[in-house]
Number of protein chains: 2
Amino acid sequence: MQETARKTGSAAAPLPRLPAHETIYRQLRALVLFGDLAPGQAVTIQGLCERLDAGMTPVREALRRLIAEGALELQGNRRVSVPLLDAGHVGELMFARQWLDPHLAERATARATTADLDGLTAIDADLDRAIQQGDMRGYLERNYRFHRTIYDLADAPILADVADGLWLRFGPSLRVVCGRIGTLGLPDRHKDLLDAMRAGNGKAAAEAIRADVVQGMEQVRQSLAQSARAG
Amino acid sequence: MQETARKTGSAAAPLPRLPAHETIYRQLRALVLFGDLAPGQAVTIQGLCERLDAGMTPVREALRRLIAEGALELQGNRRVSVPLLDAGHVGELMFARQWLDPHLAERATARATTADLDGLTAIDADLDRAIQQGDMRGYLERNYRFHRTIYDLADAPILADVADGLWLRFGPSLRVVCGRIGTLGLPDRHKDLLDAMRAGNGKAAAEAIRADVVQGMEQVRQSLAQSARAG
DNA sequence: CAGAGAAAAATTTGATCATATCCTGATGGC
DNA sequence: GCCATCAGGATATGATCAAATTTTTCTCTG
């Protein structure tokens, strides 16, 4: 979370030496967040050891962490899998995000500097580029990063933690949605948000992000209903 | 989470054999939740191994889990400690609970059976008894159990998980509050809630629990301000 | 005799431990 | 005041043990 300044003369020495379980955690987290693991898929420790070329202990610890965050599920028999969402779960997630994201956006609006806004604008531009190019992975990464940056700007660590944790729960399903509908036809509601933030209008920012959240979650819900009908 | 039915003739064989990391986790969780670990206190792996008479590996895994849930904090230098809350954190927690708890109470009201209500009433009676007897630990346990039971009744696993996780964050501080003001002088707002639930009035239940949450969190906030002035 | 079903062996996977290695912060000499 | 050394503690490995699943085999019936 925090970078401790190092006395090494070089401008940026951001990785003094990261523990293995931490790097494994980040890799695994990305795997979940960007849909490299499908909903319902089984996950074995030893499989991950091979896939990530790591020892058992760090992998086990990273898994515990993800399980605690709800990103993975421990199904009675000690086996681990990617959770399958049902309509109720999506409803809960939509409800939670409809409340958290606008609040955080409002706080972020009050605190963001011009540099912060430039950063967000740049991420959004990258996001648009990814959409144009049909780069789904790029889209998912930028979209997450965009929202995550807002969480960080809100200066509310606990709420940001909670909001961030929700992404891990619908990440796998979000990927399925995108696989279905492609990257095109995703209306970009981020522009409204950026306008509101630049204007310092917290309420408008909150409303803009609420619309974005509802639209995204609604798509997940529909995709889910479609899967249920098919399977 | 789920009980697998065993074929052993006996009525209840609920613990076929729980993994060590799981039992350790529960013990540690209780330690945090009920204030056996003070805010700011350092926690060492080897110390816990001795205290709980366990091996390092299960303790490490339990710690990772608690850290992921925000119950403990990993301070850059690989050391682990109980987080110290500031006013901003308490504000976040109050904000989150003011939104989550009422919603869950409303859902619980719609779903609770007569037996469920009897169970809640019994817990509340135990709680009153603990207050009368000045049994702080008993009070904290029953209070948690009361709210937790409502979360479970709401049939909203994700939101319940989030709400439950918040308790781990203010557990240590709550204990400090009680140590300061004693168990007496704690107005019991649970009666209003139970009345509303029995009447099937979800909105009233939500309002009753909101009052309870605000009162509790406000006490934590004041206690914290007092500590800051003193220390 | 063929096939369904159950017992049992085998394999896969998870859990734990003891131990070795590496960091971090502190102590003491220069 | 600075660098070397040291102790306490965290991290990671590999081996070992236990549980669960899968596969195999055997038996009993139609």
Side-chain angles (χ1 to χ4, degrees), chain A residues 1-9 13-29 31-32 37 40-68 71-83, chain B residues 1-8 13-29 31 37 40-68 71-83:
Chain A
M1 285 286 170
Q2 71 281 10
E3 305 292 293
T4 47
R6 292 283 148 176
K7 54 184 73 170
T8 57
L15 308 181
R17 194 145 302 176
L18 221 46
H21 65 83
E22 182 68 34
T23 60
I24 302 287
Y25 167 76
R26 296 187 186 183
Q27 291 178 61
L28 253 168
R29 183 189 167 85
L31 252 40
V32 172
L37 302 177
Q41 182 173 339
V43 170
T44 71
I45 293 179
Q46 306 186 6
L48 290 175
C49 291
E50 212 173 294
R51 178 167 184 169
L52 305 178
D53 190 36
M56 292 191 62
T57 310
V59 169
R60 282 180 67 80
E61 294 193 16
L63 274 183
R64 293 283 166 236
R65 214 167 142 185
L66 270 312
I67 292 168
L72 296 173
E73 192 174 43
L74 186 61
Q75 44 188 63
N77 322 334
R78 307 180 168 188
R79 302 298 162 89
V80 177
S81 63
V82 182
Chain B
M1 288 288 170
Q2 71 279 15
E3 305 293 291
T4 46
R6 292 281 149 179
K7 54 183 75 173
T8 58
L15 308 181
R17 191 146 304 178
L18 222 46
H21 64 82
E22 182 68 33
T23 60
I24 303 286
Y25 166 76
R26 296 187 187 183
Q27 292 177 62
L28 253 167
R29 183 189 167 86
L31 252 41
L37 301 177
Q41 181 172 341
V43 170
T44 71
I45 293 178
Q46 304 185 357
L48 290 176
C49 291
E50 212 173 294
R51 178 166 184 170
L52 304 179
D53 190 37
M56 290 192 65
T57 311
V59 169
R60 279 179 67 78
E61 295 194 14
L63 274 183
R64 290 283 167 238
R65 216 168 140 183
L66 270 312
I67 292 167
L72 296 173
E73 192 174 43
L74 185 61
Q75 46 189 64
N77 323 335
R78 306 181 167 192
R79 301 298 160 87
V80 177
S81 63
V82 182

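Just the heavy atoms: all of them, side chains too, but no hydrogens, waters or symmetry mates, feed the values below. Each chain gets a letter, A, B and so on, in the order the sequences are listed, and its residues count up from 1.
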Q.
Side-chain N or O of A/R64 versus OP1/OP2 of C/dG14: is the shortest distance under 4.0 Å?
A. no
Q: Take A/A54 and A/R78, find for each the nucleotide of DNA chain D with the closest heavy atom, and name the residue whose nucleotide sits nearer the 5' end.
A: A/A54
Q. Any ion pair linking B/R65 and B/E61 (charged N to carboxylate O, less than 4.0 Å)?
A. no
Q: Figure out the CD/C1' separation between B/E50 and D/dG9, and round it to whole Å.
A: 13 Å
Q. Can you check whether A/R60 has a side-chain N or O nearer than 4.0 Å to OP1 or OP2 of C/dC17?
A. no
(Q) Does D/dA19 have OP1 or OP2 under 4.0 Å away from a side-chain N or O of A/N77? (A) no
Q. So do the side chains of B/L48 and B/L63 get within less than 4.5 Å of each other, counting heavy atoms only?
A. yes
Q: Whole angstrom is fine here: how far is it from NE2 in A/H21 over to C1' in D/dT11?
A: 7 Å
Q.
Taking donor-acceptor contacts at under 3.5 Å, does the side chain of A/Q46 reach the base of C/dG14?
A. yes
Q. What does A/T44 touch in the nucleic acid at a heavy-atom separation under 4.0 angstrom: a base, only the sugar-phosphate, or nothing?
A. sugar-phosphate
Q | Atom-to-atom span, CD1 of B/I45 to P of C/dC17 - whole angstrom | A | 14 Å
Q. Is there a side-chain hydrogen bond (donor to acceptor under 3.5 Å, both in side chains) between B/R64 and A/H21 once you walk through the steps?
A. CA-CA 10 Å; B/R64 290 283 167 238; A/H21 65 83; 3.2 Å; yes
Q) Tell me: OH of A/Y25 to P of D/dT11, nearest whole Å? A) 16 Å
Q. Is there side-chain contact between A/V82 and A/L72, with heavy atoms separated by less than 4.5 Å?
A. yes
Q: To the nearest Å, give me how far apart CG (B/L63) and C1' (D/dG9) are.
A: 13 Å
Q. Tell me: CG of A/L74 to C1' of C/dA15, nearest whole Å?
A. 12 Å
Q | Touch class at under 4.0 angstrom, heavy-atom based, for A/R79 against every strand present | A | sugar-phosphate
Q) Separation of B/M56 atom CE from D/dT11 atom P, in whole Å? A) 8 Å
(Q) Can you measure A/E61 atom CD to C/dA15 atom P for me and round it to whole angstrom units? (A) 13 Å
Q.
I'd like to check A/E73 versus A/V80 (side-chain heavy atoms, cut-off strictly below 4.5 Å). Are they in contact?
A. no
